[in-house]
Each structure stands twice: as C-alpha cells, then as structure tokens.
Trainee: 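Can you read through this structure? Questions will come right after.
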Amino acid sequence: MPCNCCEITDHTFNEEDAKSDIKEYRKRGPAEQTQLILDAVRSLGLKDATLLDVGGGVGTIHHELLEDTARQATHVDASSAYLQQAKEEAARRGHAGRVQFIHADFTDVADDLPQADIVTLDRVVCCYPDFRGLLNAAAGRSKRALALTYPRETWYFRVGIRVINFFQNLGRDPFRVFLHPIAEMNALLEGRGMKRVFVQRLFLWEMALYTRA
Ligand SMILES: C[S@@+](CC[C@H](N)C(=O)[O-])C[C@H]1O[C@@H](n2cnc3c(N)ncnc32)[C@H](O)[C@@H]1O
C-alpha cells in the first residue's frame, strides 16, 4: 500500500510529546502495558539476547532490558523526536554504545536488518494502517520471541477511536488510530511460525507473547 506513513507519524509524535513521555518515564518508570511486555520477555529467562524494538518511542523497553536481558538493541522508529529522547536517555544510562537507532518506517528497512532474539512492538500496530505488512516484517526479524501490545476489541475502544479519528479529520491531520482484528493478527503471526504462549489484558490494552514454534 503506498503510504507516506513515516512522514505522518513523525509529525504526530513530535518533540513536545517526546519530552513529556521521557519526563513521565523518568518519574514513574515503565507504563503499565510496557511493564507487561518487560515481565513477559523476562519470564523467558534469556540472557545476552539481541533486541529489536519497533516504534520504541522514548526507548523504555531497551533502557530496561539492557540492564538484565539484552546485550545489544536496535530501535527503529518513524519519529525523529522520540529517537532523540531515546538516544539521550541511553547515553545518560551508559548504554548508548549498545543501541543502534534507525529513523525509518520499519516496513521499509526490515529486510536490511539482522534478525534479533526478541522483537517488541509496544502500542505500535494501532498507529499503522497496514498491520499485515508490519507484523510480517516483525515476525521475519524474530529468532526466538515477539511481544506486542495492541488495543482490545472493546466497545469503549471502538468509540474512543472513532472520536479521536473524527477530530483528526476535522483538524485535517492525516494520522489515524487503528483497531486491527486480533484474531487476524494472531493468525498471521502463527502462520509465520510464532506460537502465542501468553496473553494479558488491561482495561485498554492487551499484551501477547509469542515464541518461535
Ligand atoms: C503510541 S507510540 C508508542 C511508543 C512506545 N512504544 C510506547 O509504548 O510508549 C507509537 C510509536 O510507534 C512509531 N511507529 C509507528 N509506526 C511505525 C513504523 N511503521 N515504523 C517505525 N515506527 C513506527 C511511532 O513513531 C511512535 O514512536
């Protein structure tokens, strides 16, 4: 699907949001749904793993997993502002040399990236129209595990997304939020050799952990 998604996303996840998110992370630690991913990945007991964090925002997942699970991380993000905050935080934590930062739409660069033991997508699939392209690329890069969060298919999320997209449209902003079908996302990942081994739900978000079957 032709899409100037990177441009749209870059504009949406701007410097102001990135600064606010990093401030929040420093103050309160990982957000609840991010913590589900961290706990799920840690439950696998991997050590010295490689991590590919797609749409990692301010980099919470690699900041945390480089402490005890990963030796090296790649952070691909469509937002230059978020990447900048992630880089500064990595430097502050003394991890900068262990993280590769790539500003791109992941689906454009996935084929050029090495496979990683762990692939994560925290609240990313809901920002991207082509979930098949995104998840196919993510599964293709995962050697051992893939963990993601996505919106639950609840009536209140459906209403919320309609309201958000209504205002996006009104403001002539092309960015949209998506509620992709969970069963189809699961079928796609299982078709790519991943097995769903764990699911957890919050009020808004669901987290699924897959391991290579
Ligand atoms: C809602 S934010 C989530 C950030 C972070 N994962 C978190 O949960 O705090 C979505 C992030 O995904 C990135 N993103 C969306 N689609 C992307 C794509 N196709 N390739 C790379 N990054 C993408 C955005 O730039 C943004 O940083």
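Just follow the structure's listing: the first ligand is 1, and inside any ligand the first atom is 1.
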Trainee: At under 4.0 Å between heavy atoms, is it the side chain or the backbone of Ala78 that contacts ligand 1, or both, or neither?
Mentor: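 Ala78 to ligand 1: contacts from backbone and side chain alike.
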
Trainee: Under a 3.5 Å distance rule, please check whether Thr50 uses its side chain to pair with a backbone N or O of Asp117 as donor and acceptor.
Mentor: yes

Trainee: Tell me whether the centres of the aromatic rings in Tyr210 and Phe198 are closer together than 6.0 Å.
Mentor: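 No, ring centres 6.0 Å or more apart.
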
Trainee: Consider every N or O of Phe106 and every N or O of ligand 1, then say whether any pair is closer than 3.5 Å.
Mentor: yes

Trainee: Examine the proximity of ligand 1 to Tyr128 and report which part, side chain or backbone, both or neither, has a heavy atom under 4.0 Å away.
Mentor: side chain

Trainee: Quick one: which ligand 1 atoms are inside 4.0 Å of a heavy atom on Val124?
Mentor: 12 (O), 14 (N), 15 (C), 16 (N)

Trainee: Short list, please: which atoms of ligand 1 are under 4.0 Å from a heavy atom of Phe13?
Mentor: 1 (C), 2 (S), 10 (C), 24 (C), 25 (O), 26 (C)

Trainee: So, Tyr156 versus Phe203, ring centres under 6.0 angstrom or not?
Mentor: yes

Trainee: From atom 19 (N) of ligand 1, work out which of Asp105, Leu83, Leu121 has a heavy atom at the shortest distance.
Mentor: Asp105

Trainee: Could you check which of Thr34, Thr12, Ile61, Asp122 puts a non-hydrogen atom nearest to atom 6 (N) of ligand 1?
Mentor: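 Shortest heavy-atom distance from atom 6 (N) of ligand 1: Asp122.
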
Trainee: Which one of Asp10, Val177, Asp77, Thr107 has a non-hydrogen atom at the shortest distance from atom 13 (C) of ligand 1?
Mentor: Asp77

Trainee: For the CZ atom on Arg162, are there more than 12 heavy atoms of other groups (residues, nucleotides or ligands in this structure) within a distance under 6.0 Å?
Mentor: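 It does not: Arg162 CZ has 12 such atoms or fewer within range.
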
Trainee: Is Arg93 salt-bridged to Glu89, cutoff N-O under 4.0 Å?
Mentor: yes

Trainee: Which of the atoms of ligand 1 are close to Cys127, meaning less than 4.0 Å from one of its heavy atoms?
Mentor: 1 (C), 10 (C)

Trainee: Using a 4.0 Å heavy-atom cut-off, which part of Ala104 comes near ligand 1: side chain, backbone, both, or neither?
Mentor: backbone

Trainee: Any chance the rings of Phe106 and His75 have centres within less than 6.0 Å?
Mentor: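 Ring centres of His75 and Phe106 not closer than 6.0 Å.
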
Trainee: Is Arg152 positioned over the aromatic face of Trp205, cation under 6.0 angstrom from the ring centre and no more than 45 degrees off axis?
Mentor: no

